[in-house]
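Protein chains get the first letters and strands the later ones, always in sequence-line order, with residue 1 at the start of each. Nothing here was measured: the structure is a model prediction, and the numbers come from that model.
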Amino acid sequence: MTTTNIEQKVNETWGKPFVDNAKISIRNMDVFYADKQAVFDVNLDIAKHEVIALIGPSGCGKSTFLRCLNRMNDTIPICRVAGDISLDGENIYDTNMDPVLLRARVGMVFQKPNPFPKSVYENVAYGPRLHGLALNRAELDDIVVTSLKKAGLYNEVKDRLHSIATGLSGGQQQRLCIARTIAISPEVILMDEPASALDPIATAIIEELIDELRKNYTIAIVTHSMQQAARVSQRTAYFHLGRIIEVGETSQIFTNPQHELTENYITGRFG
Amino acid sequence: MNNDLSLDSHISRRFNEELEEVRHKVLVMGGLVEKQVADGLTALLNSDSSLGEVVAGADFEINAMEVAIDEQCTHIFARRQPAASDLRLVISVIKTITDLERIGDEAEKLGRYAMPMADKKITPTYFVTLRHLGEHVKVMLHNSLDAFAHNDVDEALTTIASDEQINQEFEAISRQLITQMMENPRDIKKAMQISWCARALERIGDHSKNICEYVVYLVKGKDVRHISLDRLNKRINTD
């Protein structure tokens with residue numbers, strides 16, 4: 001394939017970007033940092049209760065894209081988002097949409113575990129308390145315990161709920177952050193390389209957890225690990241220079257990608 | 001997507017070498033298997049028991065190659081976790097060498113059958129149809145290895161289609177042998193031995209067809225096993 005052909009082919013998304021049961025729909029999304037465009041005309045649906053993996057080389061716009069889904073980029077003054085992004089048919093960039101409430105519905109877990117310098121209990125209780133989800137202490141206790149259990153952390157921390165969270169291991173801290181996200185009952189969880197700083201055991205636990213969480217949540221995960229994307233997701237989208245080049249069933253993307261750029265990336269070839 | 005697997009374009013040069021090496025070894029093994037089949041057939045048709053003995057004794061080399069290539073593929077899985085066309089290549093290699101090893105077993109059978117048949121001084125007229133079938137099978141095996149070497153889907157498809165002819169020839173030989181056995185019961189043993197040889201050749205055709213199906217999977221990413229020719233062509237032509 002010549003370079004010209006590849007250039008022509010990056011202007012369209014190959015595969016199946018749209019689904020029937022979309023939780024989040026993105027249409028014609030462009031993202032700019034001041035004059036520089038980082039994301040170009042992205043069209044994608046994220047289905048209910050699916051894990052979608054976003055893969056691509058560094059700087060291809062996948063994290064920028066992810067952060068647009070709960071308006072995290074609002075905190076960057078020079079960032080401008082164009083196009084339509086809807087959650088259950090509701091435009092999340094509508095002026096009536098409260099970003100704080102949006103982020104309660106669309107939670108986020110970051111690359112590096114970032115627990116508050118508070119106790120394990122307080123980390124998880126913080127969100128429910130802020131959003132008034134518990135009427136009394138018993139209800140709050142219940143939310144904390146349930147969230148820790150869902151995050152697969154409860155048995156490891158039940159005897160030290162009131163110890164400082166930063167004393168936990170990296171893997172435990174990351175699961176605590178997931179528990180903190182779950183505590184406010186989000187509908188969607190965005191994960192930006194959630195296991196990149198963890199050892200293989202902690203990574204396996206997080207991946208197992210992602211599979212478990214899928215029953216109740218919709219998950220979009222950015223990862224640089226091809227094997228992780230192949231293991232945890234049902235669909236995969238490949239980003240390249242700010243565009244989605246190809247979207248498809250994960251099993252198809254990793255065994256028989258249709259676009260040469262996708263093939264080059266996942267097989268470690270010069271692109 | 002073209003048929004070029006671009007094995008030399010990985011960022012890891014060592015990975016390029018590992019894939020190229022394993023591919024090369026399959027072709028070497030294929031060459032060895034081809035020679036075994038040709039020698040087995042020659043031994044049989046020329047009633048050459050000493051050549052038959054050589055063929056029967058040389059199978060260990062093919063078996064050893066299968067084990068070595070298998071091990072190399074295991075290392076590639078463990079070290080590289082191949083994906084997409086690389087994954088399909090390693091899978092195709094593993095499956096291809098299994099079929100090549102079985103072709104080697106069939107060639108060994110030809111060599112083994114050649115020995116007692118030479119002693120029995122079977123007249124060459126019995127071999128006329130076998131020779132014809134053998135030549136077709138040799139061409140089919142050669143073409144399947146050629147398709148693998150060049151990732152040539154067109155050649156693979158033509159070769160897959162040619163298996164039908166081999167099957168028909170085998171059926172014809174079987175019918176002919178049954179008639180001979182009915183007409184001349186004293187020749188049943190000889191006829192049975194020829195039938196086993198024909199069966200071995202027909203199986204070589206089946207294994208060659210399998211190799212071609214792996215070539216289609218390797219290049220197109222489509223599994224075309226266990227389907228009719230019509231469905232195969234439809235599947236190939238739908239993206």
Side-chain angles (χ1 to χ4, degrees), chain A residues 1-10 12-16 53-58 60 195 200 203-204 207 223-233 235-238 240 245-271, chain B residues 1-23 73-96 151 153 156 213-225 227 232 235-239:
Chain A
M1 193 181 287
T2 65
T3 311
T4 320
N5 283 339
I6 289 179
E7 278 169 6
Q8 284 166 353
K9 286 181 176 180
V10 297
E12 51 179 307
T13 298
W14 287 35
K16 292 176 182 161
L54 311 175
I55 61 169
S58 296
C60 69
T203 299
E207 288 178 4
T223 177
H224 275 138
S225 162
M226 296 300 98
Q227 284 71 43
Q228 183 170 70
R231 284 190 298 261
V232 303
S233 68
R235 284 201 308 151
T236 297
Y238 171 60
H240 179 85
I245 299 298
E246 185 172 355
V247 188
E249 300 281 328
T250 297
S251 55
Q252 176 255 314
I253 293 285
F254 284 95
T255 56
N256 192 18
Q258 299 305 299
H259 200 291
E260 192 171 359
L261 287 172
T262 318
E263 169 96 19
N264 287 345
Y265 181 70
I266 66 173
T267 57
R269 286 176 162 87
F270 295 108
Chain B
M1 208 172 284
N2 57 29
N3 292 357
D4 178 15
L5 295 178
S6 307
L7 293 185
D8 58 348
S9 59
H10 293 91
I11 292 162
S12 163
R13 264 189 306 168
R14 185 74 196 104
F15 190 23
N16 290 340
E17 288 163 12
E18 285 167 8
L19 289 176
E20 196 47 65
E21 195 180 322
V22 89
R23 237 178 93 76
C73 290
T74 307
H75 285 158
I76 291 176
F77 275 127
R79 276 202 294 250
R80 307 288 180 186
Q81 293 97 44
S85 60
D86 297 336
L87 175 66
R88 299 200 305 272
L89 172 64
V90 182
I91 295 279
S92 302
V93 164
I94 290 172
K95 295 187 86 68
T96 297
N151 304 316
V153 173
E213 289 169 350
Y214 309 145
V215 172
V216 174
Y217 172 70
L218 168 60
V219 178
K220 295 278 185 187
K222 291 179 180 174
D223 193 340
V224 293
R225 294 173 300 170
I227 56 173
L232 187 153
R235 194 173 288 183
I236 290 290
N237 294 323
T238 52
D239 284 318

Shortest non-hydrogen separation from A:Ile266 to B:Ala83 and the atoms involved
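Closest approach of A:Ile266 to B:Ala83, heavy atoms only: O-CB, 3.8 Å.
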
From A:Asn264 atom CG to B:His10 atom NE2, the distance as rounded to the nearest 0.5 Å:
9.0 Å

Could you tell me whether A:Gln227 atom CD has more than 12 heavy atoms of other residues or ligands within 6.0 Å of it?
yes

Looking at B:Arg14, I'd like to know if its CZ atom is crowded, meaning that more than 12 non-hydrogen atoms belonging to other residues, nucleotides or ligands lie closer than 6.0 Å.
yes

Quick check for you: among A:Thr255, A:Ile253, A:Thr262, which has the greatest number of heavy-atom pairs under 4.5 Å with chain B?
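The option with the most such pairs is A:Thr255.
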
Is it the backbone or the side chain of B:Leu87 that comes under 4.5 Å from a heavy atom of chain A, or both, or neither?
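B:Leu87 touches chain A through side-chain heavy atoms alone.
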
Any donor-acceptor pair under 3.5 Å linking the side chain of A:Asn256 with the backbone of B:Lys220?
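Indeed, once roles are kept as given, a pair shorter than 3.5 Å links the two residues.
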
For the backbone of B:Ser85 and the side chain of A:Glu263, can you confirm whether one donor and one acceptor N or O come within less than 3.5 Å of each other?
yes

